[in-house]
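Let me begin by presenting the structure, written as structure tokens, before commenting on it.
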Amino acid sequence: MAIKYGRPIELREVSRREGTAVPHALDLTVRPRRNRKAEWARRMVRENVLTTDDLIWPLFLIDGNNKREQVTSMPGVERLSVDQAVREAERAMKLTIPCLALFPYTDPSLRDEEGSEATNPDNLVCQAVRAIKKEFPEIGILCDVALDPFTSHGHDGLISDGKILNDETVAVLVRQALVQAEAGCDIIAPSDMMDGRVAAIRDGLDRSGLLDVQIMAYAAKYASAFYGPFRDAIGSAKTLTGDKRTYQMDSANTDEALREVELDIAEGADMVMVKPGMPYLDVVRRVKDTFAMPTFAYQVSGEYAMIAAAANNGWLDGERAMMESLLAFKRAGADGVLSYFAPKVAEKLRSQG
Ligand SMILES: NCC(=O)CCC(=O)O
Ligand SMILES: [Mg+2]
């Protein structure tokens, strides 16, 4: 057969229809446009749909009260004091967004070489988890595990002689995961790309009786230029020395992504993630097809910034580009997307009924 699915071409009866009612009609039996002729018809054959269940909404936190600070490189995204984060959690609940992800802007005076604020049970993230869970226990909360918001050098791990230490870092990450889980975090999301951290964190959680805390592993996280605005948002852009290529993946590789994902699943990850998103949809597809695990993608800050900036310049229709970019993740096989557009997307989906 010439085509694998659908109507076999060889079996098609090609008939020259003399004297059709429409002058100049091409002799076409198959006209794919028929299924696109009206909105109702397009809805009937639509293969992928985006719903609010697909959304995870990342929020940036800042110390203070009743405070909202615009992130310059992410128009429409703000850093929020804990009370304001609680208000956004309420908005998420109303919009039926299932889960929030929390990222702190740590005051520079609290940053040090070891990222010790990461393991403070009263740090900004833990305060926000407690405050949100108190008012809205039904919403899911995901916490990132990595040291970059807390280190004076902006790296995700401990450094010695310019080298990011793996095993020593993992020990700190386990403590970070534990303070977050004890504060009430539902999903621990290690984003550091150290080897062996998923197994160590799972072990740490289980030994503390935190058997139900899930792990979403940033399993295939690439060293990417698209994280620029995020580093602005958490205040690590200026402090970061060098790059992260000794721990985050080379953007040239996809087989390696499968090996990384396989390891994290074997170590106990409940869900896996590919990051960034849109430039890596091929990786999302391969991961989903290979492992059939709950697979998430992160539409990162640079992807958000590109669409927002072009829209603000009138260069593209921002709302349509936003919806199309999110649907693309579903088409690639993602079960959900972390996106700074989450509340806007949810509002749009609601307005469409
Ligand atoms: N660990 C979380 C991130 O690195 C987020 C990156 C981004 O949004 O650019
Ligand atoms: Mg790994």
Side-chain angles (χ1 to χ4, degrees), residues 56-61 71 73-74 76-77 79 100-106 115 118 125 142-151 154-157 164 166-167 169-170 173 176-177 180 187-202 215-237 240 243-244 246-250 253 255-269 272-280 283 287 291 296-308 325 337-342:
I56 299 176
W57 181 9
L59 295 179
F60 293 114
L61 304 167
V71 178
S73 51
M74 300 177 74
V77 172
R79 300 183 195 94
L100 301 171
L102 303 179
F103 299 97
Y105 172 92
T106 307
V125 169
L142 175 153
C143 290
D144 212 70
V145 172
L147 301 184
D148 55 319
F150 309 98
T151 50
H155 278 286
D156 297 25
I164 310 299
N166 193 88
D167 301 15
T169 298
V170 169
L173 298 175
Q176 181 185 14
Q180 292 172 340
I187 306 175
I188 292 295
S191 74
D192 53 286
M193 289 298 279
M194 298 300 121
D195 297 331
R197 90 280 206 216
V198 172
I201 290 171
R202 184 72 269 161
I215 296 180
M216 182 189 290
Y218 287 74
K221 177 173 178 176
Y222 288 84
S224 170
F226 290 97
Y227 306 147
F230 175 88
R231 291 179 190 160
D232 175 21
I234 65 160
S236 69
L240 180 62
D243 58 53
K244 302 192 176 184
T246 68
Y247 47 109
Q248 298 179 349
M249 281 180 55
D250 185 334
N253 300 348
D255 288 344
E256 185 188 0
L258 298 186
R259 296 195 297 273
E260 281 280 9
V261 170
E262 186 172 24
L263 277 170
D264 285 0
I265 295 169
E267 289 179 26
V272 294
M273 194 207 297
V274 173
K275 178 183 171 189
M278 212 149 71
Y280 296 85
V283 181
V287 167
F291 300 104
F296 291 77
Y298 201 137
Q299 182 179 50
V300 300
S301 58
E303 301 175 61
Y304 174 90
M306 286 193 299
I307 295 175
S325 69
V337 189
L338 291 93
S339 172
Y340 303 99
F341 286 120

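Every number for a ligand or one of its atoms is a count from 1 in the order of the listing. These numbers come from the heavy atoms of this one structure, side chains and all, not from hydrogens, waters or symmetry mates. Residue numbers count from 1 along this sequence.
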CZ/F226: more than 12 non-hydrogen atoms of other groups inside 6.0 Å: no
Minimum heavy-atom distance R197-L173, with the two atoms named: CB-CD1, 4.2 Å
Cut-off under 2.8 Å, centre the Mg ion (ligand 2), protein N/O/S atoms: E260 OE1
Ligand 1: protein residues within heavy-atom distance under 4.0 Å: F103, D144, S191, Y218, K221, F226, Y227, F230, K275, Y298, V300, S301, Y340
Exercise: identify the closest heavy-atom pair between I188 and A177: CD1-O, 3.5 Å
Step-by-step side chain to side chain donor-acceptor pair (under 3.5 Å) determination, E303 to S325: CA-CA 9 Å; E303 301 175 61; S325 69; over 6 Å; no
F230 ring center near Y340 ring center (under 6.0 Å): no
Criterion side chain to side chain donor-acceptor pair (under 3.5 Å) on D148 and S236, from CA distance to verdict: CA-CA 7 Å; D148 55 319; S236 69; 5.1 Å; no
4.5 Å side-chain heavy-atom contact, M193 and D156: no
Over all atoms of both residues, closest heavy-atom pair of F296 and V337: CD2-N, 4.3 Å
Geometric cation-pi criterion K244 and Y227, 6.0 Å radius, 45° cone: no
